[in-house]
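Below is one structure; the comments refer to it alone.
Note: hydrogens, waters and symmetry copies are ignored here, and every other heavy atom, side chains too, is used. The chains referred to below are lettered A, B, ... by the order of the sequence lines, with proteins before strands, and numbering in each begins at 1.
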Amino acid sequence: MHSMAKKSDPSHVMWINRNLTSKEVNVDKFSTMLEKFFSYNTLSSWIRERLIEKFYGKSPHPFIIGMQNPSRGLLLGYVIEHQHFLKNWVKVLSEIIFKTDIEEVMKYELANISTEYLGYKGMPSHYELLIRMGESLGVPRERILGYKPLPSTVSALNEWRRIALERNWVEIMAAMHSLELMADKTLRKYGARMHYFNENILYNNDFPQEVKDFLGEGYKMDQSHAGEALEFVDKYAKDPEKIQVTVLRSFNALANYLTARLERGIEFDKNLMRLVSLS
Amino acid sequence: MKIEVNGNRAGDKDSGCALCGATWGNYYEEIDGEKLFFCCEMCATGFKNMIKEVKYRTGWKAIDNLSIEGNYYRGRTCVAENEEKRYKFYLKFDDNAKIATFEQIE
């Protein structure tokens, strides 16, 4: 890996730049850094650490910064790109069901798909709550549904589809459900600088009820979703290193996708451009 | 062309890749008569696409100074200068270093 990076091989250089260090180091130091980066107590704790480091660390993702005081434009960017994410989400989870023979995993994924896409126990699906949030912000349902995903969203969705097709079910599970940790209320306890969004939104009257309904539902559910799924990952992991590499691919896709939400938001609110300068 | 990436000088092996600031690799390309260092061919392609787009949009023949802030995931906010003129923009590359998003910033 070190020698390939020294020779400017794009895939190796990009991986090292994005995950380890952009400053060239000698092979001994590189080996030490790599070993430290991949060492863990449990896989689930390693996944949480990597997520915090990438999205909530010293330079939080600009979309998350925007969600601390979201404008109508930013929330619409969220709605328009996320409808595509959620459709892709259930397709990828279906591949876990297809590839596993473990009943508790099949049931878990079926329940997740129901909650996200169909509605569960009389509650509207997260997909429906998302569209209602967009409507409450003044954009008709037909117009929301008519938007094609931005290039960065397409790129991320394709990466998750490749993971679904190429990797085994434990890796897919780790790659996808670790994304739900983004909204985990307890991340601050582990070093996150902020929450996924400013929780005051749920309790004040600055936003329509539909915005609170969508954000509140994710706030309640994602922690338990991610927690249970990652317990399965800990329990059934046979090749931890491959799981780690696949999770990193998924996080890279997520970083791209969050930027797409912000870019879409800028179409509605040019002031959001200030956030991209915070990189 | 004087280049800064995330607040630091860039464009040679010691200072880092002209697009991303990384010091890995050993890839060079001559751009506007100047030999510039890149960590890999992908960054060189992205950089060339960016320069071409700025020249096309501004009508400039050359860029004297270029400041780049950001990264692949978050996109890049840049300021190009030609003599007294200044052009600020945001851009994001796709997986093949083509420009996916380009917005002039007022």
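Contact of the A:Met182 side chain with the A:Leu254 side chain is registered, since non-hydrogen atoms from C-beta on lie closer than 4.5 Å. In this structure the side chain of A:His177 reaches within 4.5 angstrom of the side chain of A:Leu93, judged on heavy atoms. Between A:His61 and A:Thr259, the closest side-chain pair of non-hydrogen atoms falls below 4.5 Å. A heavy-atom distance below 4.5 Å is found between the side chains of A:Leu179 and A:Ser250.
Note that A:Arg18 lies in the cation-pi zone of B:Tyr72, set by a 6.0 Å cut-off to the ring centre and a 45° limit from the axis.
Each of A:Val154, A:Thr21, A:Asn158 has some count of heavy-atom pairs under 4.5 Å with chain B, and the biggest count is that of A:Thr21.
Ring planes of A:Phe38 and A:Trp15: parallel class, angle under 30° (limits at 30 and 60°).
Between B:Cys78 and B:Met50, the shortest heavy-atom contact is SG-SD, 4.1 Å.
Between A:Phe251 atom CZ and A:Leu51 atom CG the span is 4.5 Å, to the nearest 0.5 Å. Within the model, atoms CE of A:Met14 and CE of B:Met42 stand 4.0 Å from one another, a figure rounded to the nearest 0.5 Å.
Interface residues of residues 14-24 of chain B toward chain A, defined by a heavy-atom distance below 4.5 Å and sorted by number: B:Ser15, B:Cys20, B:Gly21, B:Ala22, B:Thr23, B:Trp24. Below 4.5 Å, heavy atoms of chain B meet heavy atoms from A:Val25, A:Phe30, all part of residues 25-35 of chain A. Within residues 66-85 of chain A, no residue has any heavy atom less than 4.5 Å from a heavy atom of chain B. Residues of residues 93-105 of chain B having a heavy atom under 4.5 Å from any heavy atom of chain A, listed by number: B:Asp95, B:Ala100, B:Thr101, B:Glu103, B:Ile105.
Atom NZ of B:Lys85 is surrounded by more than 12 heavy atoms from other residues, nucleotides or ligands within 6.0 Å. Residue A:Arg162 places its CZ atom among more than 12 non-hydrogen atoms of other residues, nucleotides or ligands, all under 6.0 Å distant. The number of heavy atoms from other shown groups lying within 6.0 Å of CD (A:Glu267) is above 12. The number of heavy-atom neighbours closer than 6.0 Å to NZ of A:Lys6, taken from other residues, nucleotides and ligands shown, is 12 or below. Shown here is B:Arg57, whose CZ atom has more than 12 heavy atoms of other residues, nucleotides or ligands within 6.0 Å.
Using a 4.5 Å cut-off between heavy atoms, A:Met4 does not touch chain B at all. Looking at A:Asn17, only its side chain comes within 4.5 Å of chain B, counting heavy atoms on both sides. The part of B:Tyr90 that comes within reach of chain A is its side chain, from C-beta onward, which places non-hydrogen atoms under 4.5 angstrom from that chain. Neither the backbone nor the side chain of A:Leu258 comes within contact range of chain B; no heavy atoms are under 4.5 Å apart.
Between A:Arg249 and A:Glu159 a salt bridge is recorded (basic side-chain N to carboxylate O distance below 4.0 Å). At a threshold of 4.0 Å, the pair B:Glu29-B:Lys48 counts as salt-bridged, since one of the basic side-chain nitrogens sits closer than that to a carboxylate oxygen. Ionic pairing of A:Glu24 and B:Lys13 is present here: one or more N-O contacts between side-chain nitrogen and carboxylate oxygen are shorter than 4.0 angstrom.
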